[in-house]
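To keep things clear, I will list the structure first and then write my remarks on it.
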Amino acid sequence: MLKRRDKRNKRNRRNKRHRSLRARALLALAVIAGSLAIALTTPVRLGLDLRGGTQITLETRSTLTTDADADADAAATARTVEVLRGRIDALGVAEPTLVRSGDHRILVELPGVHDPKKAADVLGRTAQLTVHAVLGPAGTADGATSPPADPAKERVLPDDSGQPLRLRAADLTGRDVEGAEARFDQQGGAGWHVTVDFSKTGQDRWRQVTARAACHPAGDPQRRVAIVLDNKIISSPQVDPSVPCGTGIPGGTTQITGSFDDTEARELALLISGGALPVPVETVEQRTIGATLGDAAIEAAARAAVIGTALTALFIIAVYRLLGLLATAALACYGLISYAALAALGATLTLPGLAGFVLAIGMAVDANVLVFERAREEYAARGRPSPRSALTAGFRGALSAIADSNITTLIAAGLMFAFASGPVRGFGITLAIGVLASMVSALVISRVLAEYAAGRPAVRRRPRVTGIASTGWVRDRLLRREPFLMRRPRRWLAASAVLAVVAASGILVRGLDFGIEFTGGRLIEYATNTPVDPDRARTALTDAGFPRTVVQSSGETGLTVRAENLTNADAATVTETIGALGGETKKVRDELIGPSMGDELRRNALIALSLALGAQLLYLAVRFRWFFGTAAVVALAHDVVILIGAFAWLGKPIDGVFLAALLTVIGYSVNDSVVLFDRVRELLGRDRATPLPRLTNQAILQTLPRTVNTGMGAAFILTALAVLADDTLADFALALLIGLAVGTWSSVFTAASLTIELGPHRKPFGGAAVTTGPSGRPG
């Protein structure tokens, strides 16, 4: 009887496992098929650095008013740049470049814009919003329009039906607006409208103007309120009859209605919420421009990426054999899913975006390595069970670490997208896509392939072919020696502090060499007799002593050169170099330009990063304990200081490419620390008698094989980029290599040591004196 029940239970477990495998297989096939369909039909938009785009030149104009803000000086032009940046973000154009050129011009570069004229029209609108009380019709008996009685106190404008109305001076302006949003009225069937929310001051003024209008009878023109945008009445609704005289509409919200389609409503909302331009602007030029990275640089980067990825795949296969081969296939699916997600969302892929993918590839490899190393532990601890059961236990045991590391990364990516702009926002988008795709790749596709292969009879007979039947080279040596690395944690903290001080001294001694994105510089535009290939121009300028110039094609035969700190003698050398390539050369423009990463963009980036660090600290404090989160953030700050200091000592530029690398290093650092902390928490849950330093040391030895194998996988790609790519991408790869090494050090020695110092100082970390974390977990 018992034997029959055991057989039935065993059969039920096997059927349940088969059903689960089929469900995951169907999900994986659906995701891959959908991604393939999108990838074949929808191309990904490439950014200015990879493909080029449209350049619109705007010129600020002074207005004939006594308002001080109406003077089109350099300060007003700089403020206009920030307003335009908000409009472009709302238009959905990712990774734009905006720089002030001289005191009155703004260069706007938009990648992948299909209708540049429309973009120029939206950017050039002044967006001066005002709200007026209607004094009555302005028509005379013969149908003519009567002029205003007092031009200083009233004005005459036609409403949307063409009837001229006398309007009182503005009661509210765009400064009283807090926000605007396009909405669709599904219940009332009124179509698209724009909801405008007024600020606290604007709410009082809105209530006053509607209170006066409500004192006139229904149908009287004076019961109307006119909303004016750029000297045109866009809506003039009557105050509802239910509003009593002298009371007005409370709440400070109104709706602008009209025959809007979705595009018109969204554009109107972004113009209102984005605010008015400080001064009017006029489009003076519009042209096509080339990529800031040349074809040779892109080809070199692609070649390096292919070689590095191939070396990574070979390394994973050599270490994990059959499972490594299947993981490589899952990584290929990851690339397909990520590409399809980018295409479906209409995102723009740029170099910072590629940095996000580098981090996500590392996390996808890391998830597989975590599972396989965990399966190796289970295989050895259980006395050599079947490869499939060890693999299932490996996925189950690694799930917590994978989830925690990915959630902390997604928190950072979400905050970057919500609060930052420019390249930081682009990094957040592609990082979030990459993380989600890596989780699908590792936890669904890789699991389906691995479990199916591990269940084959030929594999069961030869378990060593799976790669999990052996403990591996790194683990073997650690098990033989079992070094007590955490015997004196303060020594490791002292060593980390010395590294940080040496790096920080580079910042003080050598200073930071900020690139043109941060400092601005000089832009020279040439018209050449014969077209000049930008790649040849870059090479020639590098040979002439200008390795950090940005060279782009401009129009059919034009060429623009941007560089920081160009003296007149340097500019003459640049002109001579270009003339040697293009024959008769005419200098069309020579102006000083402002930074493309302006004060507001840098401020938003710092706010986003600070919020991301705070959110990660909070998550780790809740998920683990407060001292774990503190240790992770301190280790992250340690990595950032060392990386910036290393670039200061090396004399490398601090530019947008470095910013992308820095964000990637931050992601790696937190990911490494979370994996270690997850193992410490697990050991604490099983063993309450062993002191914390000994348990932490045990966690380090158990996770070090994963750290080494993941780091080696990423190092192949980065080394290939550093050796084979051009200077820009080589600096990017160098920053990531430094960050990878420092991040591994900080997670193993800095974060772990700091956790021991900040944690409970009892020798016996257990028994009745044990502290507990959330959900009763030991701290």
Side-chain angles (χ1 to χ4, degrees), residues 46-51 95 97 291-309 311-312 348-363 416 422-431 434 503 512-518 535 538 542 547-551 564 596-597 605 609 639-640 642-669 711 713-743:
L46 299 179
L48 287 165
D49 50 0
L50 302 178
R51 192 189 67 178
E95 307 285 357
T97 297
T292 56
L293 290 177
D295 293 337
I298 295 173
E299 290 175 5
R303 186 166 56 251
V306 169
I307 294 174
T309 304
L311 291 174
T312 300
T348 301
L349 186 60
T350 61
L351 188 60
L354 290 176
F357 275 121
V358 169
L359 175 55
I361 289 174
M363 297 187 72
M416 289 178 199
V424 178
R425 191 179 196 190
F427 178 87
I429 294 171
T430 53
L431 177 58
L512 296 178
D513 184 10
F514 287 103
I516 192 171
E517 294 99 329
F518 293 98
D535 281 332
R538 290 185 189 96
T542 299
R548 289 165 54 184
T549 54
V550 178
V551 182
E564 70 269 23
S596 59
M597 298 189 69
L609 289 175
D639 298 346
V640 169
I642 290 180
L643 179 55
I644 296 176
F647 261 51
W649 280 116
L650 294 172
K652 295 290 185 179
I654 305 296
D655 52 15
V657 174
F658 176 81
L659 177 61
L662 186 65
L663 293 171
T664 308
V665 169
I666 290 173
Y668 269 126
S669 178
F716 283 119
I717 297 177
L718 298 177
T719 303
L721 282 174
V723 173
L724 299 176
D726 77 329
D727 291 341
T728 302
L729 291 176
D731 288 346
F732 170 72
L734 176 63
L736 288 185
L737 282 171
I738 295 173
L740 186 65
V742 174

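Residue numbers run from 1 in the order of the sequence given.
- Leu740 approaches Gly711 most closely through the heavy-atom pair CD2-O, 3.5 Å.
- Atom CZ of Phe732 is separated from atom CG of Leu718 by 7.5 Å, given to the nearest 0.5 angstrom.
- In this view, Ile654 and Leu512, Phe514, Phe647, Phe658 satisfy the side-chain contact (heavy atoms from CB on, under 4.5 Å) rule, not counting sequence neighbours.
- Salt-bridge annotation for Asp513 and Arg548: present, with a side-chain N of the basic residue lying under 4.0 Å from a carboxylate O of the acidic one.
- Looking at Leu734 and Leu650, their side chains come closer than 4.5 Å, going by heavy atoms from C-beta outward.
- Pro653 and Asp731 make their closest contact through CD-OD2, 3.8 Å (heavy atoms, listed as atom of the first residue, atom of the second, distance).
- Between Leu662 and Leu643, some side-chain heavy-atom pair lies under the 4.5 Å cut-off.
- Interatomic distance, CD1 of Ile738 versus CG of Asp639, reported as 12.0 Å (0.5 Å rounding).
- Annotation: side-chain contact (heavy atoms from CB on, under 4.5 Å) contacts of Ala722 (sequence neighbours excluded): Ala733, Leu737.
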